[in-house]
Amino acid sequence: MNTKYCAWSAAALSLCVASSPALSGVLKNGSFEKPVVPDGSFTTFNLGDKFNGWTVVGDSGSVAVISGDFSYCVALPAKKGLQFLDLTGYSDSATGVQQKIKTQPGATYAVTFFVGNIVGGGNCGTQSTVDLVIDGTAAGSFTNKAGKGKDAIVWKKFSTEFTAETDTTTIAFMNGDPADDTANGLDGVSVKLVKDAP
């Protein structure tokens with residue numbers, strides 16, 4: 001709705017205000033398409049770095065935006081778009097990314113995302129666990145073990161809901177893999193309004 005029409009009447013004004021919560025919960029760069037990394041390569045970001053809506057948080061370490069043309073033990077096609085995020089980076093530490101979004105206090109939102117798993121010899125991986133943290137509180141651990149015997153990364157979809165407490169909510173995705181596991185994919189992150197506040 002064009003906001004210039006909201007001033008015409010009290011009824012129109014209330015309609016515009018009532019419509020605004022539907023715009024909340026919008027998350028930026030959920031498929032990690034920006035920044036664009038070189039084909040067949042990756043770009044790392046260290047603790048405290050910011051990139052296109054995300055901030056690197058957690059333990060001292062790094063994460064990496066991976067080109068879907070890159071391969072490591074197996075082929076690594078992205079689930080959504082052309083790129084994805086590897087939460088292990090170079091450090092394989094409990095590092096991750098977070099983003100603050102606008103929310104409607106009391107409203108329920110669904111967080112949906114894909115976790116990518118590869119299994120291979122050496123340190124290529126066994127399982128992939130992503131820890132979800134909402135406003136500093138653990139909201140669940142999500143594990144994908146489906147990569148065994150596959151020649152490409154295997155993606156598994158997860159979804160969970162939360163109720164917003166304030167007009168902004170901080171959502172973080174953290175590497176939950178052990179230090180000897182060097183691959184933990186994250187892609188296709190979205191947040192959608194499920195139910196308005198009572």
Side-chain angles (χ1 to χ4, degrees), residues 25 27-34 37 40-45 51 53-59 61-99 101 109-134 137-162 170-192 194:
L27 186 137
K28 299 176 184 175
N29 197 25
S31 62
F32 305 98
E33 298 304 301
K34 296 180 181 179
V37 302
S41 187
F42 60 90
T43 301
T44 57
F45 298 91
F51 65 96
W54 298 99
T55 301
V56 182
V57 296
D59 290 351
S62 63
V63 299
V65 176
I66 308 287
S67 163
D69 294 331
F70 184 70
S71 63
Y72 174 76
C73 297
V74 297
L76 300 174
K79 178 62 182 179
K80 299 284 187 177
L82 301 175
Q83 301 183 161
F84 68 94
L85 187 72
D86 175 21
L87 290 169
T88 65
Y90 274 127
S91 60
D92 310 325
S93 54
T95 309
V97 291
Q98 75 176 23
Q99 186 170 148
I101 62 172
Y109 294 84
V111 183
T112 302
F113 54 96
F114 291 84
V115 175
N117 176 240
I118 67 174
V119 176
N123 61 357
C124 291
T126 54
Q127 63 185 36
S128 297
T129 299
V130 172
D131 296 326
L132 176 64
V133 180
I134 297 177
T137 301
S141 290
F142 303 87
T143 301
N144 179 358
K145 301 178 183 179
K148 186 175 182 179
K150 307 298 183 181
D151 59 3
I153 189 170
V154 176
W155 294 96
K156 185 175 180 181
K157 184 178 182 179
F158 294 94
S159 187
T160 190
E161 294 182 357
F162 71 92
T170 300
I171 298 175
F173 298 89
M174 309 300 298
N175 176 37
D177 285 357
D180 61 350
D181 190 320
T182 62
N184 192 355
L186 178 68
D187 204 0
V189 179
S190 66
V191 180
K192 294 184 179 178
V194 173

By side-chain contact (heavy atoms from CB on, under 4.5 Å), which residues pair with Lys34, not counting sequence neighbours? Asn29, Asn52
Specify the closest pair of heavy atoms between Thr95 and Met174, including all atoms of both residues, with the distance to one decimal. C-CE, 3.7 Å
Partners of Phe70 by ring pair (Phe, Tyr, Trp, His ring centres under 6.0 Å), sequence neighbours excluded? Phe42
Spacing of Asn175 atom CG and Asp59 atom CG [to the nearest 0.5 Å]: 9.5 Å
Check against side-chain contact (heavy atoms from CB on, under 4.5 Å), Leu132 and Ile171: CA-CA 7 Å; Leu132 176 64; Ile171 298 175; 3.8 Å; yes
Check: Gly147 main-chain N/O paired with Asn117 side-chain donor or acceptor under 3.5 Å: yes
Could you tell me which residues satisfy side-chain hydrogen bond (donor to acceptor under 3.5 Å, both in side chains) with Asp131, sequence neighbours excluded, listed by chain and number? Ser141
Heavy atoms only: give me the nearest Ser91-Ser62 pair and the separation to one decimal. OG-N, 3.0 Å
Indicate the ring-plane relationship of Phe51 and Phe45, choosing parallel, tilted or perpendicular according to the 30° and 60° boundaries. parallel
Would you please name every residue forming a side-chain hydrogen bond (donor to acceptor under 3.5 Å, both in side chains) with Thr44, sequence neighbours left out? none
Please output the side-chain donor-acceptor pairs of residues 149-159 that fall under 3.5 Å, not counting sequence neighbours, one pair per line with the distance.
| unit_1 | atom_1 | unit_2 | atom_2 | d |
| --- | --- | --- | --- | --- |
| Trp155 | NE1 | Pro77 | O | 3.0 |
| Ser159 | OG | Val111 | O | 3.3 |
| Ser159 | OG | Thr112 | OG1 | 3.1 |

Strictly by side chain to side chain donor-acceptor pair (under 3.5 Å), give each pair with a member in residues 65-85 just once, sequence neighbours left out. Tyr72-Asn123, Tyr72-Thr182
Atom pair CZ (Phe114) and CG (Leu186), whose distance is rounded to the nearest 0.5 Å: 10.5 Å
side-chain hydrogen bond (donor to acceptor under 3.5 Å, both in side chains) filter on Thr160, not counting sequence neighbours, yields none
Please report the shortest heavy-atom distance between Gly89 and Asp92, naming the atom on each side. O-OD1, 4.1 Å
Check Val119 against Thr126 and note the closest heavy-atom contact, atom names and distance. CG2-O, 3.1 Å
Residues forming a side-chain hydrogen bond (donor to acceptor under 3.5 Å, both in side chains) with Thr129, sequence neighbours excluded: Thr143
Atom CG of Asp181 and atom OG1 of Thr88: how far apart are they, to the nearest 0.5 Å? 7.5 Å
What is the distance from atom CG of Asp187 to atom OG of Ser31, rounded to the nearest 0.5 Å? 6.0 Å
Using modelled atom types only, decide if a donor and an acceptor are shared between the side chain of Gln99 and the backbone of Lys28 within a distance under 3.5 Å. yes
Check step by step if side-chain contact (heavy atoms from CB on, under 4.5 Å) holds for Trp54 and Phe173. CA-CA 10 Å; Trp54 298 99; Phe173 298 89; 4.0 Å; yes
Would you find a donor on one side and an acceptor on the other, under 3.5 Å apart, between the side chain of Asp86 and the backbone of Gly185? no
Looking only at heavy atoms, which two atoms of Ser128 and Asn184 are closest? And how far apart? CB-OD1, 3.4 Å
Hits for side-chain contact (heavy atoms from CB on, under 4.5 Å) against Val74, two or more places apart or cross-chain, chain-then-number order -> Leu76, Ile118
Determine, using ring centers only, whether Phe32 and Phe84 are less than 6.0 Å apart. no
State, to 0.1 Å, how close Leu85 and Val63 come at their nearest heavy-atom pair, and which atoms those are. CD1-CG2, 3.9 Å
